[in-house]
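When a residue number appears, it is its place in the shown sequence, counting from 1.
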Amino acid sequence: MGKISEIKMQLRHKEWAEMVSECQASGKKVDEWCRENGINVSTYYKRLNVLRTELIEGSEKQSIVPVSVSASVSVPQNNAVSDSGKEHISDSGKIIIRKDGFEVELSGDTSEDMLMALFRGLKQC
């Protein structure tokens with residue numbers, strides 16, 4: 001698939017995801033929401049199916065995101081555990097993540113959950 005076609009598809013799928021979110025947030029039945037918004041119910045469900053399939057296929061393609069860590073980041077020797085029970089990096093350092101010219105700098109006490117969310121986002125870039 002060409003780059004332009006891929007971008008168009010991504011934009012279309014983003015619009016579909018927004019449509020599904022709006023429908024679900026409305027609290028209305030799907031057929032009622034679709035009627036009010038001029039969308040055929042079968043079109044809604046076809047789009048929902050495409051998004052679900054894409055999500056499932058994406059989760060099956062787990063890969064490692066290359067990360068570089070600056071020398072100023074330090075991991076506590078005693079494997080300190082935060083209040084949430086998750087290991088964390090000492091706040092004496094910082095975390096720098098680079099991918100394809102994109103750079104994110106985080107404080108050393110960034111939670112594991114936040115890092116995982118960031119990695120998932122970068123994976124889709």
Point-to-point distance, once rounded to the nearest 0.5 Å, from [atom1] of [X] to [atom2] of [Y]:
{"X": "Arg47", "Y": "Ser42", "atom1": "CZ", "atom2": "OG", "answer": "10.0 Å"}
{"X": "Gln10", "Y": "Arg12", "atom1": "CD", "atom2": "CZ", "answer": "10.5 Å"}
{"X": "Met9", "Y": "Lys14", "atom1": "CE", "atom2": "NZ", "answer": "14.5 Å"}
{"X": "Glu6", "Y": "Leu11", "atom1": "CD", "atom2": "CG", "answer": "11.0 Å"}
{"X": "Cys23", "Y": "Met19", "atom1": "SG", "atom2": "CE", "answer": "7.5 Å"}
{"X": "Asn49", "Y": "Glu54", "atom1": "CG", "atom2": "CD", "answer": "11.5 Å"}

*Looking only at non-hydrogen atoms, find the nearest pair between Leu51 and His13 and report the distance.*
CD2-O, 3.5 Å

_Atom of Cys34, atom of Val41 and distance for their closest heavy-atom approach_ = CB-CG2, 4.0 Å

*Same hydrophobic cluster for Tyr44 and Val50, using side-chain heavy-atom links shorter than 4.5 Å among ILVMFWY?*
yes

*asked:* Determine whether a donor-acceptor pair (N or O, by modelled atom type, separation under 3.5 Å) exists between the side chain of Asn37 and the backbone of Ile39.
replied: no

*Between Leu48 and Trp16, is any pair of side-chain heavy atoms under 4.5 Å apart?*
no

